[in-house]
Amino acid sequence: MINRGGIVAALGLSALMAMIVAPAHADPDNNQLIIDGEVIITDVAAPDDSPLDRIYSGWRFRSPETQSLQMDDFENPGFVAVDDAIESWDTAEGSEGKSCASCHSDPSSLAGLRTTLPKWDEATNKPATMENLINRCRTDRMGAEAWGWEQKEMVNMTALVSLQSRGMPVNVQTDGPMAEWIEKGKDLYYTRVGQLNMSCSNCHEDNYGNQIRSDHLSQGQVNGFPVYRLKWAGLGSIHRRFKGCMENIRATPFKRGSDEFIALEAYVASRGAGLAVETPSVRN
Amino acid sequence: MRKLIVAATAAILCSTAIALADTVGPNEVKIVDAAVEGSLSGQAGDAAAGRDIMINRKLGNCLACHQNSEIPEQPFHGEVGPPLDGVADRWSEGELRAILVDVKTAMNPDSIMPSFYSLNLGVRVAESFAGKTILQAQQVEDVLAYLMTLKEE
């Protein structure tokens, strides 16, 4: 709420008090995410140029019941998808008769990758997401069909590969050729869209910690993706969540995999630099 | 201080649209000194209907952002905006109408609160909502009538 000084000056005392009652940011809770004895960092100091006071994972804004589902891999419903992906990792497909395992041996060989995505890709001269990289192996190296962005096999595989980076800090490149994309994502983040005329920042920057009807607003971070959403009864991609948020404010969303959503993904990832990868996280 | 201006362009509308003779369209509403005087629909508001619109997630959905003790039967009240208790003590009818019509002109250009009777919308408005205001003129009057009942003093 910029201009507050001006508004307050123009109001009576009771109105002033009403505004003070409405908190700018209620705090997230202080719970600690521990999985298998390992502490997963869910808040980090924000760098000086960050618009956030402190960077928080979405986990910190969920109810204790939802949080606890993510604290035990046996209870975490996202692991069903991971198990499916392990199977498809070993399954040969396409004209080359190869599986992921034929070339990458174990998924753990891709540890650390998630923290860097989206990352600059010389081959296409634009940033590549996890989905882009996996599909390139399928089409160019296996002679198999590309998976759809939200196709089950794809989302499951992105979960398996991202899980290899669980606990590692997000560290996406923002300079060099990425700078232009980060800037483009930032523009989109602050652009008001839809009939309700809101930007991502209105909810996830100005109001994180506040309750918006039954939802507790987080910073809209992407460190937990793909996430298992109880509402979806399954895993969903980052772009699926972006799409849902745009639809809620009555805007026409960009397409999954579009340059716009890739730019937005890169920018949002950069806002969460230092947060630990949490995949597969659980959200309501 | 605040001039009372009647934003009625009813005379002009009369000659073009008979059915909407008394309705002030979203592009005709004038916010003067942070107030809009005169019913947008030409009719009085119905406070009970307004209360329902406040609750309805597809219409006002005001509870998404505002607490309101007068609607205790609804479980989730948001905390993005100030509580609406006693709001009629703080603002005149004309001022509240302006806040509903277009809070960004009336109060705060950076407000997260939607402008409920304005066509000055965000980019990429979903097709089914393009060129439409969130609430109709009468719905604004209904919500306003309800807000005017929220007095504490």
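Note that this is a predicted model, so its numbers are computed, not measured. Here is how names work: the chains are called A, B, and so on, in the same order as the sequence lines, proteins then strands, and each is numbered from 1.
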Subject >> Gln211(A) (side chain) donor-acceptor with Phe76(B) (main chain) under 3.5 angstrom >> reply: no
In short, Arg213(A) meets Ile55(B) closest at the heavy-atom pair NH1-O, 2.7 Å
Note: vs chain A, highest number of non-hydrogen pairs under 4.5 angstrom among His77(B), Arg57(B), Glu127(B) is Arg57(B)
The interface call for Asn120(B) against chain A, heavy-atom contacts under 4.5 Å, is backbone
Between the CZ atom in Arg192(A) and the NZ atom in Lys104(B), the distance rounded to the nearest 0.5 Å is 5.5 Å
Practice problem: Decide yes or no for Arg124(B) and Thr191(A): does some side-chain heavy atom of the first lie under 4.5 Å from some side-chain heavy atom of the second? | Solution: no
So NE2 of His216(A) and CD of Glu79(B): to nearest 0.5 Å the spacing works out to 6.5 Å
Review point. Within a radius of less than 6.0 Å around CD of Glu180(A), do more than 12 heavy atoms belonging to other residues, nucleotides or ligands occur?
Key: no
To the nearest 0.5 Å, atom CG of Asn210(A) lies from atom CD1 of Ile112(B) at 9.0 Å
Honestly, the part of Ser128(B) sitting under 4.5 Å from a heavy atom of chain A is neither
To the nearest 0.5 Å, atom CG of Leu121(B) lies from atom CE of Met198(A) at 11.5 Å
Looking only at heavy atoms, the pair that brings Thr252(A) and Val125(B) closest together is OG1-O, 3.5 Å
Here the gap from Ser214(A) atom OG to Leu63(B) atom CG, rounded to the nearest 0.5 Å, amounts to 11.5 Å
